[in-house]
Amino acid sequence: KNEVEQSPQNLTAQEGEFITINCSYSVGISALHWLQQHPGGGIVSLFMLSSGKKKHGRLIATINIQEKHSSLHITASHPRDSAVYICATNTNAGKSTFGDGTTLTVKP
Amino acid sequence: SQTIHQWPATLVQPVGSPLSLECTVEGTSNPNLYWYRQAAGRGLQLLFYSVGIGQISSEVPQNLSASRPQDRQFILSSKKLLLSDSGFYLCAWTASGPYGYTFGSGTRLTVV
């Protein structure tokens, strides 16, 4: 069982819809990351969270440390948002654990 | 500014041949370094991570090894490749503390 669980595994949305991707983890962490992987394989770091909420453009990431849960929201989704979104956790010892990813497809 | 270099971009190797993938980071010191593998259609799998020179932690027993001969150099190796070693290999770094990941561009390895 992966220590980091993401849901849903696959998500299809219409352009303009509000999207939420969830991530739950089972151990204490020092930070949680949201990553975006495009079809070519390149990975971009979207957010690093240790508490609270961060916003960048149409993307919002939140984390609840007590509940060991994080969400990634995309407002006014666009076809160019289509990608795999990955949740990853870090411990103070440097170990990282990745979720299996959520494949998002936004249709025009 | 910090950059990460990973090469080669693609590699086709016969079964039983050796492997050496190199990753270097510029513009920072004492980074945490990571090697990941992604099999086709699968999620990222952490292979090795290092918090300092000569310090390597292995997450998955396998046919691969890693070394960190210098502070900003991380090498992934194999003495004899297996077909199951095929995949997309990614190197990444973070600064010590609560900082985000920066990934290399990846190496697509096909073992034939």
Side-chain angles (χ1 to χ4, degrees), chain A residues 1-10 21 23 25 27-52 54 56 59 61 63 65 70 72 83-105, chain B residues 2-11 23 30-60 66 68 74 86-110:
Chain A
K1 188 178 188 296
N2 197 348
E3 294 175 351
V4 177
E5 297 283 335
Q6 280 185 243
S7 63
Q9 185 176 4
N10 295 285
I21 300 170
C23 175
Y25 54 94
V27 298
I29 63 171
S30 60
L32 182 141
H33 305 262
W34 282 102
L35 310 169
Q36 180 190 55
Q37 185 174 28
H38 284 281
I43 296 180
V44 174
S45 181
L46 298 175
F47 294 103
M48 191 285 298
L49 296 163
S50 54
S51 65
K54 287 190 176 179
H56 185 245
L59 301 177
I63 188 169
I65 298 295
S70 175
L72 176 68
V84 176
Y85 292 84
I86 302 167
C87 172
T89 60
N90 282 128
T91 66
N92 285 324
K95 177 181 176 181
S96 62
T97 304
F98 283 66
D100 289 335
T102 295
T103 300
L104 172 65
T105 303
Chain B
Q2 301 94 349
T3 57
I4 180 168
H5 302 280
Q6 185 182 346
W7 66 92
T10 59
L11 192 59
C23 173
N30 197 32
N32 294 333
L33 296 170
Y34 306 85
W35 277 112
Y36 298 95
R37 177 171 61 199
Q38 188 175 40
R42 304 290 298 276
L44 285 166
Q45 178 187 39
L46 177 63
L47 301 176
F48 301 95
Y49 69 97
S50 172
V51 297
I53 296 175
Q55 300 179 57
I56 309 293
S57 296
S58 173
E59 288 299 300
V60 182
R68 185 170 177 173
F74 205 24
S86 294
F88 188 55
Y89 289 82
L90 284 154
C91 177
W93 76 274
T94 66
S96 298
Y99 295 98
Y101 283 101
T102 300
F103 281 85
S105 53
T107 296
R108 200 164 297 280
L109 171 67
T110 304

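Model, not experiment: these values are computed from the prediction. Chain naming here is simple, since letters A, B, ... match the order of the sequence lines and numbering starts at 1 in each.
- Rounding to the nearest 0.5 Å gives a distance of 6.5 Å between OG1 of B:Thr94 and NE2 of A:His33.
- Residues B:Tyr101 and A:Ala88 come closest through the heavy atom pair CE1-CB, 4.3 Å.
- Of the two parts of A:Leu49, neither the backbone nor the side chain holds a non-hydrogen atom closer than 4.5 Å to a non-hydrogen atom of chain B.
- Atoms CG and CD, on A:Asp100 and B:Gln45 in that order, are 10.5 Å from each other to the nearest 0.5 Å.
- Looking only at heavy-atom pairs under 4.5 Å with chain B, the residue among A:Leu46, A:Ile86, A:Ile43 that has the most is A:Ile43.
- Within the 4.5 angstrom heavy-atom criterion, no atom of A:Gln6 approaches chain B.
- B:Gln38 touches chain A through its side chain: at least one heavy atom from C-beta onward sits under 4.5 Å away, while N, CA, C and O do not.
- Heavy-atom contacts from other residues, nucleotides or ligands closer than 6.0 Å to CD of A:Gln9 number 12 or fewer.
- Aromatic pair A:Phe98/B:Tyr34: ring centres not closer than 6.0 Å.
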